[in-house]
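Input: a single structure, listed below in structure tokens.
Keep in mind that the numbers below use all heavy atoms, side chains included, and drop hydrogens, waters and symmetry copies.
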Amino acid sequence: MASSAPTSTTAPAASSPVPSQTSESTMKQRTKRGVPEGLWQRCPGCGASIYKKEAEKNHNVCPQCEYHFYVSAPERVQQLCDEGTFEEWDAHLMPTDPLQFADSKPYKERLLAEQKRTGMTDAAVTGGGMIRARRVAVGVTDSAFIMGSMGSVVGERLARLVERATAEKLPLIIVSGSGGGARMHEGILSLMQMAKVSAALARYDRAGGLFISVLTNPTMGGVAASFASLGDLVFAEPKALIGFAGPRTIKATIRLELPKGFQTSEFLLQHGFVDRIVPRTRLKSEIARAIDYCGK
């Protein structure tokens, strides 16, 4: 009996896996993960990309070229004063709209918008604190709030700061970061602040006080023309713009070519307007050294 031949089976060839429609749509929807925003910033001085946290640890100074970035008044207070020692004075003083002024928007609305944007009630912060364990009176103006212009509240806070420093015999430190001069929205009331603060400083000087004025970028207008230039010692940050009117305004008025670097802190140091240029990273130590040297 003939046996039937064994039947052989051939395994089917392995086929390459075909991606499903689900995986294809997932791949299309998947986006390339980028660098999170806010980690890096470009230095206007040297053009380098700087890790933002590294700059913040360095007092917001570029580690490559030492360009000094803007810092707010609360940040400056934190950089200058020993931790936990600063006590704000006269924070209850609030700006009003005595002239009911309006330009592109009513002054009252502008104030509310600036307060919401900056978290400050006006362009100056004043108070008492310790710098390297030396008790001082400290004031800081901030260009972020209507260009740091000097209105009634700014002038009153600074005048009260000077008067309290006189009464308590404290060294006085005012860091100026004002590019707006007198605040036009308050008219003559704003212009009066220049004389009021200067008169308070004259009384402080007669009482034997030590006033250290620190000029930062920018220090212009009525601020530069009054209290900012009246320090017993005038320090300035590197490459700060300091003056009364801006370079373009002066050039258009006198119709002459201005010297190179005109109105920078380096130019003013050469011409005797500034006593010393002090980088922000050394400012705290320099102020403490000056207080000790002057016996205050």
Side-chain angles (χ1 to χ4, degrees), residues 31-86 114 116-120 123-125 129 131-132 138-149 173-180 212-220 223-224 228 234-243 246-248 260-270 274-289:
T31 57
K32 186 177 179 180
R33 183 177 297 177
V35 179
E37 293 184 3
L39 292 181
W40 297 83
Q41 60 185 352
R42 185 170 296 278
C43 174
C46 63
S49 295
I50 306 163
Y51 188 45
K52 197 169 184 179
K53 288 188 177 181
E54 183 181 358
E56 289 173 353
K57 289 180 182 178
N58 198 36
H59 289 70
N60 280 296
V61 176
C62 174
Q64 306 292 332
C65 68
E66 295 191 351
Y67 175 86
H68 284 51
F69 291 93
Y70 158 82
V71 292
S72 66
E75 287 176 306
R76 286 195 183 274
V77 168
Q78 188 178 18
Q79 290 174 1
L80 273 181
C81 295
D82 299 343
E83 186 176 356
T85 64
F86 181 75
E114 292 291 287
K116 182 179 180 180
R117 184 177 63 84
T118 64
M120 301 171 60
V125 175
I131 295 181
R132 298 274 190 248
V138 179
V140 182
T141 60
D142 193 332
S143 62
F145 195 104
I146 314 183
M147 277 310 296
S149 52
I173 318 297
I174 299 182
V175 182
S176 302
S178 300
I212 300 176
S213 179
V214 181
L215 313 181
T216 70
N217 184 47
T219 301
M220 302 293 290
V223 171
V234 179
F235 294 164
E237 288 187 343
K239 299 180 181 178
L241 178 66
I242 303 164
R248 286 182 297 180
K260 186 177 180 179
F262 181 65
Q263 290 188 322
T264 62
S265 48
E266 288 77 10
F267 182 90
L268 297 175
L269 176 67
Q270 293 176 3
V274 169
D275 295 311
R276 180 175 294 180
I277 295 176
V278 183
R280 192 180 297 161
T281 51
R282 298 209 311 264
L283 182 59
K284 187 173 182 177
S285 297
E286 288 291 328
I287 290 175
R289 187 177 294 113

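Distance alone, capped at 3.5 Å, places no donor-acceptor pair between the Asp275 side chain and the Phe235 backbone. For the pair Thr219 (side chain) and Gly177 (backbone), a donor-acceptor distance under 3.5 Å is absent. For the pair Ser178 (side chain) and Thr141 (backbone), a donor-acceptor distance under 3.5 Å is absent. Between the Ser265 side chain and the Ala240 main chain, a donor and an acceptor come within less than 3.5 Å of each other. With hydrogens and angles disregarded, no donor-acceptor distance shorter than 3.5 Å links the side chain of Glu266 to the backbone of Pro238. Using modelled atom types, one side-chain atom of Asp82 and one backbone atom of Arg132 make a donor-acceptor pair closer than 3.5 Å.
In this structure, the side chains of Ile287 and Leu80 come closer than 4.5 Å at one or more pairs of heavy atoms. In this structure the side chain of Met120 reaches within 4.5 angstrom of the side chain of Asp142, judged on heavy atoms. Contact annotation: the side chain of Glu66 approaches that of Val61 to within less than 4.5 Å [non-hydrogen atoms, C-beta and beyond]. Taking 4.5 Å as the limit, every side-chain heavy atom of Gln79 sits out of range of all side-chain heavy atoms of Leu283. Under the 4.5 Å side-chain criterion, counting only non-hydrogen atoms from C-beta, Ile50 is not in contact with Tyr67.
For the pair Glu75 and Arg280, the salt-bridge criterion is not met [side-chain N within less than 4.0 Å of a carboxylate O]. A salt bridge does not link Lys57 with Glu54: every distance from a Lys NZ or Arg NE/NH1/NH2 to an Asp or Glu carboxylate oxygen is 4.0 Å or more. Between Glu114 and Arg117, at least one side-chain nitrogen of the basic residue sits less than 4.0 Å from a carboxylate oxygen of the acidic one, meeting the salt-bridge criterion.
Annotation for Arg42 and Ser49: closest pair NH2-OG, 3.7 Å, computed over non-hydrogen atoms. His59 and Val71 get closest at one heavy-atom pair: O-CG1, 4.5 Å.
Within 6.0 Å of atom CD in Gln78, 12 or fewer heavy atoms from other residues, nucleotides or ligands are found, so the atom counts as exposed in its surroundings. Around the NZ atom of Lys284, the shell of radius 6.0 Å holds more than 12 heavy atoms that belong to other residues, nucleotides or ligands.
Classification of the Phe267-Phe262 ring pair by plane angle, with boundaries at 30° and 60°, yields perpendicular.
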